[in-house]
Amino acid sequence: MRSYQLVGAAALLVKAASVAQGLADSPVDCSLKSAPKRPFSDADVANIRKYFEANLDVQGSGMVVASPDHALHYDYAWTRDGALCMHALQLTTKNLTAIEGKMDSWMSWVERSLDEPDPNAGTIALNEPKFTIPDGKPYTGPWCRPQNDGPGLRAITLMAYAHTRKEAVRQRAWTVVERELDWIVANYTSNGCDLWEEVQSNDFFWVRYTMRKALYQGSVFAETIANDIRRAASYKKKADEITQNLSRHITNDGWVFESENRKVDTAVIEAFNVGDMDDGMFAPLSHEVVRTLAELSRAFCGAFQLNQETAKADMPGVLFGRYPGDSYFGGNPWILLSASAATLLYRQAKALSNGATIEPATETVLEGLLGQKVAVSSLLGGGDAILNLVRKYLTNGMHMNEQIDRKSGELRSATDLTWNYANVLKAMHVRDSVSDLIPATVVV
Ligand code: NOJ
Ligand code: NOJ
């Protein structure tokens with residue numbers, strides 16, 4: 001009896017110790033609860049822009065270098081990075097005339113690249129992911145190819161530019177856009193690699209949602225610029241078809257997955273930002289979009305020691321990586337994706353200040369993420385919490401490597417990643433357009 005009691009007491013002690021241990025180790029929820037606090041000053045933004053522009057139109061080739069990091073083999077022109085960065089250049093500039101030279105040079109490069117025989121495919125280089133600078137030849141080393149996001153992304157960037165230019169530029173752009181979109185119509189269900197160049201599928205959310213935008217915009221473009229009614233109809237038809245199929249990417253829990261073989265992925269957040277057309281599909285305050293942001297925030301809060309330390313110190317902010325289980329360079333938070341999450345929060349703030357409504361169930365999810373009532377200022381504060389946390393780890397002025405070490409917070413992987421600068425500039429651009437709308441007393 002006695003010995004039983006002792007054993008029982010010992011067992012209780014062990015249990016108590018393991019509960020205490022468990023409590024200490026159990027993940028703490030991260031919070032985005034913050035008052036607005038502009039993460040980058042005007043001087044910071046000017047520096048970021050300087051580093052960004054230094055990577056565009058390299059040696060007058062029109063090409064965008066992904067990063068000048070030669071040691072890590074990033075000094076190539078990736079189709080995706082280039083198209084996204086040249087679009088960011090337009091979105092974030094006040095003076096379109098000042099960027100005309102770089103845009104024209106990039107357009108010439110796109111024209112050249114589409115006529116480039118592709119040694120990897122035996123046809124043309126339309127869905128090649130990566131080219132050498134400055135000769136513009138497709139990279140011939142082993143690579144995850146093809147990557148099918150290029151044609152849509154390039155078309156979106158070209159059309160944005162053409163809309164602001166004279167007739168001759170519009171016609172020139174149409175010649176390229178027509179080829180990109182015809183290719184999408186014929187190939188949008190074909191197999192390819194994801195934007196992280198790792199897994200294969202014929203149905204990535206990132207690829208489909210950005211193609212959808214290219215096709216809808218292209219439909220209007222075909223009609224107004226080229227009076228090509230047949231193409232206008234065919235582009236619209238495919239875009240409608242893609243729209244129908246996109247709902248398959250919504251899980252039963254209401255969040256959006258990237259592909260069957262890579263479900264939880266911040267590529268989806270980047271897609272929400274890049275592919276939005278303000279037409280109600282995956283709108284920033286829709287249930288799916290809010291749920292996806294909450295899901296990813298929760299996943300990375302638990303996955304990164306850095307986020308846990310932030311939460312345990314009662315500091316706001318979450319850093320986002322590509323997907324849970326990533327192992328590239330150890331699997332770390334990415335600056336471009338943290339900026340993308342901040343951009344989404346700023347877009348939500350903007351939508352709310354423009355009078356968008358939010359369903360009660362969605363509001364509850366968003367309130368949980370923000371740790372306070374949903375309002376323009378709490379959404380701005382949420383985005384700021386993310387970017388202020390990124391800023392904390394910038395130890396070389398405004399220079400930004402691709403990643404931030406998940407444990408030590410040190411900058412990791414490629415230096416001066418152009419896509420980082422593009423996404424931070426876009427985030428600040430949206431933020432400023434919202435903070436301009438609300439009284440200065442509310443926004444710090
Ligand atoms: C694996 C990485 O995850 C991918 O993003 C990268 O492009 C390739 N390796 C090549 O470095
Ligand atoms: C690796 C990333 O995974 C990919 O998305 C990107 O295009 C290249 N690096 C170049 O920045």
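Counting starts at 1 for both ligands and their atoms, following the listed order. Throughout, residue positions are numbered sequentially from 1 according to the sequence presented.
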task: Verify whether one side chain among N273 and R347 offers a donor that lies under 3.5 Å from an acceptor in the other.
output: yes
- prompt: Would you say the side chains of Y139 and N120 form a donor-acceptor pair under 3.5 Å?
  reply: no
query: Is D81 close to ligand 2, meaning an N/O of one under 3.5 Å from an N/O of the other?
result: yes
Contacting atoms of ligand 2, where contact means under 4.0 angstrom from a heavy atom of W419: 5 (O)
task: Kindly confirm or rule out a cation-pi arrangement of R262 over Y323, judged by NZ or CZ under 6.0 Å from the six-membered ring centre and within 45° of its axis?
output: yes
message: For L56 versus C85, what's the shortest heavy-atom pair and its separation?
response: CD2-CB, 4.3 Å
message: Residue by residue, ordered by chain and number, which ones reach under 4.0 Å of ligand 1 with a heavy atom?
response: W143, W196, E197, E198, R322, Y328
- request: Have a look at W196 and tell me which of W334, Y328, F204 forms a ring-ring contact (aromatic ring centres under 6.0 Å, His included) with it.
  value: W334
Residue pairs passing the salt bridge (Lys or Arg N to Asp or Glu O under 4.0 Å) test where at least one lies in residues 323-344, sequence neighbours excluded: R322-D326
field: From CD (E270) to CG (D265), nearest 0.5 Å
entry: 11.0 Å
field: Within-shell test, W334 vs ligand 2, heavy atom, strictly < 4.0 Å
entry: yes
